[in-house]
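Since we're looking at a predicted model, the values are computed, not measured. Only heavy atoms go into these numbers, but all of them, side chains included; no hydrogens, no water, no symmetry mates. Note on naming: letters A, B, ... go to the chains in the order of the sequence lines (proteins, then strands), and numbering restarts at 1 for each one.
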Amino acid sequence: MPELPEVETIRRLLRNGGLNSPSLINMKIIGAEVLWDRTVVEPAASIFIDKVINQTIKDVDRRGKFLILVLADYNLLIHLRMSGDILIESLDEPLGKHHRVVLILDEGIKLAFVDPRKFGRVWLLTETSRVIGALGPEPLSDEFTRGSFFQRLNNHHRQIKPLLLDQNFLAGMGNIYTDEALHCAKIHPLLKSDQITRKQSDRLWECIRSILLEGIKNNGASIDWVYRGGDYQNYFRVYQRRGEPCQVCGVDIERIVVGQRGTHFCPECQPLPSK
DNA sequence: ACGAGCGCCTGTCGGC
DNA sequence: TGCCGACAGGCGCTCG
């Protein structure tokens, strides 16, 4: 489900509070349940429960698509993968059928990791580098510069879309925002990364950042049967718009498969790479 | 180094 | 109505 903007939206909600949920900062975990063992990568579920109880939540952070609950003695890494979500619920609310991990907090609420497809994962670690150490730069940070981006594009001979989806190349891009950014930059998803000119690279750099910021501003996207409050889905230019006219040129949006992922683009604005 | 195929899972939707 | 395939916001693995 979530890409960088959706995870960032959840981070801000947990950290700052909002809607009907309070900030989690300084709340204490007083109980824990693991409903689906494989969700917890490490440590083993029983040890996870032992260790996480009595921990205080010091901060809520994010790295790429990883949500990080900074606890007094550990870091709780959460990756929502395709269908995961974090809900804050009152204690008397019954557990839904897709609840996988639940943390009981003081103040009478619980933090629930809900995940129909069971792809999501959590780790309780002191040292996080083993899991997130190889991630590429944060696209909205200062270390992500036009110059370094262009250089690194040219260090690879890869289709641009799968390269942007590679979390060790750039952290946080997923299928939606990649399609949107490539359309914005007028670059075909199959163009080889080392055929991208400096001018195209600069445009793509700008588009990645503006599209992600637009997603965050709209609290992310809510698609399929999962509604989580964001409304960026109303602003998609190409994603899931096969057959609809391109908002720039009017030509029908096409869908192809690239790297096993549905890929949406405008054949007029994003012409095929020269063979 | 790169890309394709597959596994992990459950749910929805469209076509017949 | 039921069945069946396509498809879904991700990623790790193996194999050429």
For a quick check of understanding: with a heavy-atom distance under 4.0 Å over all strands, which category does [X] fall into, base, sugar-phosphate or nothing?
{"X": "A/R242", "value": "nothing"}
{"X": "A/Y239", "value": "sugar-phosphate"}
{"X": "A/K161", "value": "nothing"}
{"X": "A/R38", "value": "sugar-phosphate"}

How far, in whole Å, is [M] from [N] if one measures between their [atom1] atoms?
{"N": "B/dC9", "M": "C/dC3", "atom1": "P", "value": "25 Å"}
{"N": "C/dA6", "M": "B/dG5", "atom1": "P", "value": "14 Å"}
{"N": "C/dT1", "M": "B/dT10", "atom1": "P", "value": "25 Å"}

Fill in: Distance-only side-chain donor-acceptor flag, A/H99 / A/E89, under 3.5 Å
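Short answer, yes.
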Worksheet item: In terms of side-chain heavy atoms, does A/Y74 have a donor or acceptor partner in A/E127 at a distance below 3.5 Å?
Response: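 No donor-acceptor contact under 3.5 Å links the two side chains.
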Worksheet item: For DNA chain B, whose closest nucleotide is more 5', that of A/S193 or that of A/Q260?
Response: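 Its nearest nucleotide being more 5', the pick is A/S193.
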Discussion item. Which is more 5' along DNA chain B, the nucleotide nearest A/R100 or the one nearest A/P162? Just name the residue.
Written reply: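 This one resolves to A/P162.
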Side chain of [X]: nearest nucleotide among [options]?
{"X": "A/R158", "options": "B/dC9, B/dG3, C/dC11", "answer": "B/dG3"}
{"X": "A/H79", "options": "C/dC11, B/dG5, C/dA8", "answer": "C/dC11"}
{"X": "A/Q167", "options": "C/dC11, B/dG11, C/dG10", "answer": "C/dC11"}
{"X": "A/Q159", "options": "C/dG10, C/dA8, B/dG3", "answer": "B/dG3"}
{"X": "A/H98", "options": "B/dG11, B/dC9, B/dC2", "answer": "B/dG11"}

Fill in: Face-to-face contact A/F119 to B/dC8 six-ring, under 5.5 Å, under 30°
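Stack criterion met.
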Worksheet item: Taking any strand in view, what nucleotide pairs with B/dC9 in a Watson-Crick or G-U wobble way, both distances under 3.5 Å?
Response: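 For B/dC9, the partner nucleotide comes out as none, under the 3.5 Å rule.
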Discussion item. Ring of A/F236, cation from A/R241 - is the NZ or CZ under 6.0 Å from the centre and inside 45° of the axis?
Written reply: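 Verdict for A/F236: no cation-pi partner in A/R241.
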Discussion item. Quick one, A/S83 and A/F119 - any side-chain contact, counting heavy atoms below 4.5 Å?
Written reply: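 No, side chains not in contact.
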Worksheet item: Is A/C246 close enough to A/C266 that their SG atoms are under 2.5 Å apart?
Response: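 Answer is no: A/C266 does not pair with A/C246 in a disulfide.
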Worksheet item: Does A/R255 make a side-chain N or O approach to OP1 or OP2 of C/dA8 shorter than 4.0 Å?
Response: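 So the side-chain polar atoms of A/R255 do come within 4.0 Å of the phosphate oxygens OP1 or OP2 of C/dA8, strictly under.
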Item to complete: Would you indicate, yes or no, if B/dT10 has its OP1 or OP2 atom less than 4.0 angstrom from a side-chain nitrogen or oxygen of A/K97?
Response: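 Negative; the distance criterion is not met.
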